Amino acid sequence: MAYDPQELESRWQKAWSDEGVFQAEIDESKPKFYCLEMFPYPSGHMHMGHVRNYSIGDAMARFHRLMGKNVLYPMGYDSFGMPAENAAKKAGGHPNEVTHSNISSIRSDQERMGYSYDWRRFLATSDVEYYRWNQEMFLTLNEKGLVERRMAPVNWCVDCDTVLANEQVKNNRCWRCGLEVVQRDMAQWFVRMTEYSDELLDELDNITFPENVKAMQRNWIGRSHGAHIDFAIDGSDSLIGVFTTRPDTIFGATFVTLSPEHPLCEELCLGTEWEQGWRDLREECARMSEFERINMLKEKKGVFLGRNAINPINDEKIPIYAGNFVVSSYGTGAVMAVPGHDQRDFDFAKRYNLEIRQVLLEKEDSAPSQELTHAFEGYGQMVNSSVQGFDGLSGDNAKDAVISALEEKKSGHGTVEYRLKDWLLSRQRFWGTPIPMIHCDSCGVVPVPREDLPVELPLDVVFTEEQSGNPLESHDSFVLTKCPSCGKDAKRETDTMDTFYDSSWYFMRFCDANNETSPFDREAVDYWMGDGVDLYIGGIEHAVMHLLYARFFTKFTRDSGMNEVGEPFGRLVCQGMLNAPAPYCVDCNTEYHVDNFDLDCPSCGKKLSTRSAKMSKSLGNTVSPEEMVSRFGADTVRLFILFGANPEAGMDWSDSALEANHRQMFSLIDAVDAALELSDSPSDIDDWLMARMRANQKKWVEAMSEVSLREGVMISHFEMLSDWNWYLRRGGRDRVTAMRFLQEWIPMIAPATPHIAEEFWKKIGHEEIIAKFVMPILDANPSDVRVLALENYIKEILSSGRNLRTLAERHSEAEITKVVIQISPEWKRDLASEAISLHQRGFDFKEKGQSHVKSLEAFKDESTRGEVFQAWNSITIGGKKTRGRIHTWLEGERELISARVNEVEVIKDNSDFIATSLGVDTVEVFIAGEAEDVGGKARISFPLEPGIAFV
RNA sequence: GCAGGGGUACCCGAGUGGUCAAAGGGGCUGGGUUUAGGUCCCAGUGCGUAGUGCUUCGCAGGUUCAAAUCCUGCCCCCUGCACCA
């Protein structure tokens, strides 16, 4: 068959679309499977990372359809966001046009790959049909008290001209453009996600996310249990509230440290000799870039504020410092310093000559050390407590005792702190969902009434490059409105929503994408989202942000009665990186652009080597999917991607491997072509082929169900082809068998390479397309084990025969013309089957094996007694390093031995094949002892391991 | 520093007590069939050897009759978080 992937693939893509096979509807009679990929931001074209993501998802969607599931597999676009706005500014257009042209281009790339999406459910978050529901649900959030507008110091990116959420700041830099972030005080909209902190954290234990994702989320939420303690200030009514996770160390507190930004600092030192020192420290901290601050913080620095605090547990007076290592945004911005048991405090105390007191024992029953050389940060028994009743307590008991003592004194309580902050939702940008709020001079902030939704983004905005800020602000027909409450002139909110809001519920919208009266119908969501999305595939970069927001949102909609589930995603798969070679300097540990291949290192001048690095534009080591598809076809690219590595593993791009996979496509075609040309000529090997097929099908279903796509593809596209080739090599020529084999095999080819599978399916005479087919799973025949074991026996003989032949050649002067095979003598087979049946009954060979063998018939002949004894041992117990054969024989081998398969006959039946394969003219076979012992091989023979000699 | 994941033959990559000198693929080597060039098929690819042996799965120890696999320590790589109290 001539293979023209371009023609063939587009023909089948059209057939799928014409038949509407991928359109999913609720069907309670079938188990559902919701397969979802993280929807893309529509930049110009699909890149290889997308190809990997969707090829995994599509294979899984197609697999589950084959298994008879009702599969929901949608695609849409996360199309709000800054790149479109920036592109519009550059080109003088409107982000809406840019976005739609990008969507149609990436969509056609996806269609060319043959992904089996239900395109009726297409959505773009920047379309008003979608974002109006963002606004609707925002109102619901607001009604539930989960929306808050407050002044807040925010992370501001000057370049992007917008505020950033904490999650969007990496190393004090904007996650998008990399510019350093500055702090600004602004009125901002927040979603009170922290209401759900506990559930978001605790539920992680019950969901099947990869461990690293769970760890990142736990880390991000950052719950710590501890105590809030109020330190009174000597000569003042103010209190210093501190948060500590280690109330058990309270007796070791020898000073208190405030962050330099702490409001109490000024109050404490104002007008004293200490004031200037504090001001300098605060200035220094505020002025410094993040980079400098991290470097400087290795050196702990602080100033005395001139006053003392009173430790509430023992009324001890301790000095108050301001320290550069205390962070104002965590806890209360104040720390009780315990230099004996906190390394930072230890370093600080050393520097400023403050008292270091040991109040916990590092080892049980040891004496307190005289001079500490480091802080002991672990848990231990309390010592040196200046109040009775604490010494000897440790760990949680110690903490609890201190907390209750503090509670009694009304100067502290047990508490929980979170690192998670509320979700800063507002963005000062145009291309996002307008926040449906109105500012009225008399009524304040008023929500837009539901019946007035949607608040649409105006399309008549002109974008220019000089423009800065949000063009909505100067768009009068958008801004000027009436107050819904008092009817007077008012102004619309011009902030738009963070785009993570859009992606926080799109998976529910997909369940009911064309609903015109609500975000989604509860019945649809409860059906498709039962136990969450069954398979969610995407990049690890969304581990904290998107995946946490989406989890929060689902819990909020659940609590608003919109859906049943509280966790949106069942199985989450984070695909690995796609790498390609890049020039690399070992000394500088730096990768360079591909233009530098074979050149010297630009910075140190050494010769560059290569190493594999994440595909990226900046290194230029990307591969264009379009080019690969036009050269090899979508099926080859998909095969390469899936076979190259399991979904979660990283994978290296390789042109030669891609070409090898292309050749594999031709091999598959040749196999099917050959099968179609056979005539009716049944033979013994037919049973073997079918037995292999059944065994492979079982393994394949298991692998695919576990999303072990690499293993699945290995079986369907490689092992089954090898089986087929072996079948032909063994003289298999039966048309009926071949057709039955193809009937089962071709569906297994379909998930990874669906187009060629359709072509094959049609060739073997099916009128219906394979995309509609539900694959029956065959049970193994009772005889399969034996059939497979017999063929394996032949393969083993060939394998050891080949090894021995090369050795024999060295020892033989003459040309080798014959192989002599000596089958194990009767008495060894008796021993073997005796041992097998004893083994099945749980016989203890170590304990009773020796006496048993002595009772056997074979043992009676004194001349062979020693040999019998040896054979028995190697069957049952084995040597020092090898176990007895009883343990190593496979199930099928045991069956062959127990059933006394006539090995002589098996060899004779296959002697032509063996002769050809071993390159000899004749095969002579007999039971050892019944003819001349050629080469002394009789001794070696065992059941299923004949002695082999070449002459 | 903390957390998560890793280190397997020339390369990529399976493999979590014995059936393991270790799947599969790539590459390389040899043989066959063709040579209409998408070749295709077969074999080999740690050392040794007329077969059961030796060495190897980051390094060093240990448990076991038996370790790539379990335990301890160490080294290195990746990812995330980070004076988080």
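Everything quoted here is computed from the prediction, not taken from an experiment.
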A.B. asks: Got a list of protein N/O to nucleotides 1-4 of chain B N/O distances below 3.5 Å?
C.D. replies:
residue	atom	partner	partner atom	Å
B/G4	O2'	A/Asn212	N	3.4

A.B. asks: What is the base-pairing partner of B/U34, counting Watson-Crick and G-U wobble geometry with both distances under 3.5 Å?
C.D. replies: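 The base-pairing partner of B/U34, which may sit in any strand shown, does not exist here.
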
A.B. asks: One character per nucleotide, please: for nucleotides 25-35 of chain B, 5' to 3', B when the base has a protein heavy atom closer than 4.0 Å, S when only the sugar-phosphate does, - otherwise.
C.D. replies: SSS--------

A.B. asks: Does any nucleotide pair with B/G51 by Watson-Crick or G-U wobble geometry, both distances under 3.5 Å, and what is it?
C.D. replies: none

A.B. asks: Does any nucleotide pair with B/C2 by Watson-Crick or G-U wobble geometry, both distances under 3.5 Å, and what is it?
C.D. replies: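 Base partner found: B/G80.
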
A.B. asks: Ring centres under 6.0 Å, that's the criterion: do A/Tyr352 and A/Phe255 meet it?
C.D. replies: no

A.B. asks: From C-beta outward on A/Asp670, which listed nucleotide comes closest to its side chain: B/C12, B/G38, B/G51?
C.D. replies: B/G38

A.B. asks: What are the two closest non-hydrogen atoms of A/Ala671 and A/Leu721, and how far apart are they?
C.D. replies: CB-CD1, 3.6 Å

A.B. asks: Paired with B/U16 by Watson-Crick or G-U wobble geometry, both distances under 3.5 Å: which nucleotide is it?
C.D. replies: none

A.B. asks: Students often get this wrong, so: under 4.0 angstrom with heavy atoms, is A/Gly947 touching a base, only sugar-phosphate, or nothing?
C.D. replies: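 Result for A/Gly947 = base.
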
A.B. asks: Verify whether the ring centers belonging to A/Trp726 and A/Phe913 lie closer than 6.0 Å.
C.D. replies: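 Distance test on ring centres: under 6.0 Å, yes.
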
A.B. asks: With both distances under 3.5 Å as the test, what is the Watson-Crick or G-U wobble partner of B/A60?
C.D. replies: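 Its partner is B/U72.
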
A.B. asks: I'd like to know whether the aromatic ring centres of A/His662 and A/Phe632 sit less than 6.0 Å apart in this structure.
C.D. replies: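 Yes, close enough.
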
A.B. asks: Please determine whether a side-chain nitrogen or oxygen atom of A/Arg344 lies at a distance below 4.0 Å from atom OP1 or OP2 of B/C84.
C.D. replies: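 It does, given that an N or O in the side chain of A/Arg344 lies less than 4.0 Å from OP1 or OP2 of B/C84.
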
A.B. asks: Select one nucleotide: of B/C42, B/C41, B/G24, the one nearest the side-chain heavy atoms of A/Arg802.
C.D. replies: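 The listed nucleotide nearest to A/Arg802's side chain is B/C42.
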
A.B. asks: Please tabulate, one pair per line, all N/O donor-acceptor pairs under 3.5 Å involving side-chain atoms of residues 796-804 of chain A, not counting sequence neighbours.
C.D. replies:
residue	atom	partner	partner atom	Å
A/Ser800	OG	A/Glu796	O	2.9

A.B. asks: Take atom CD1 of A/Ile816 and atom C1' of B/A50, then tell me their distance rounded to the nearest Å.
C.D. replies: 10 Å

A.B. asks: Given B/A50, B/A43, B/C12, which nucleotide is nearest the side-chain atoms of A/Lys937?
C.D. replies: B/A50

A.B. asks: Suppose the criterion is salt bridge (Lys or Arg N to Asp or Glu O under 4.0 Å): which pairs have a residue in residues 939-951 of chain A, not counting sequence neighbours?
C.D. replies: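 Applying salt bridge (Lys or Arg N to Asp or Glu O under 4.0 Å) to every pair that reaches into residues 939-951 of chain A, excluding sequence neighbours, yields A/Arg885-A/Glu945.
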
A.B. asks: Go through B/G24, B/A50, B/C40 for me and flag the one nearest to the A/Met714 side chain.
C.D. replies: B/G24

A.B. asks: Which pairs, with at least one residue in residues 320-342 of chain A and sequence neighbours excluded, count as a salt bridge (Lys or Arg N to Asp or Glu O under 4.0 Å)?
C.D. replies: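 Applying salt bridge (Lys or Arg N to Asp or Glu O under 4.0 Å) to every pair that reaches into residues 320-342 of chain A, excluding sequence neighbours, yields A/Asp342-A/Arg344.
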
A.B. asks: If you look only at pairs with a residue in residues 641-651 of chain A, which of them pass as a side chain to side chain donor-acceptor pair (under 3.5 Å), with sequence neighbours excluded?
C.D. replies: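 Residue pairs with at least one partner in residues 641-651 of chain A: there are none.
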
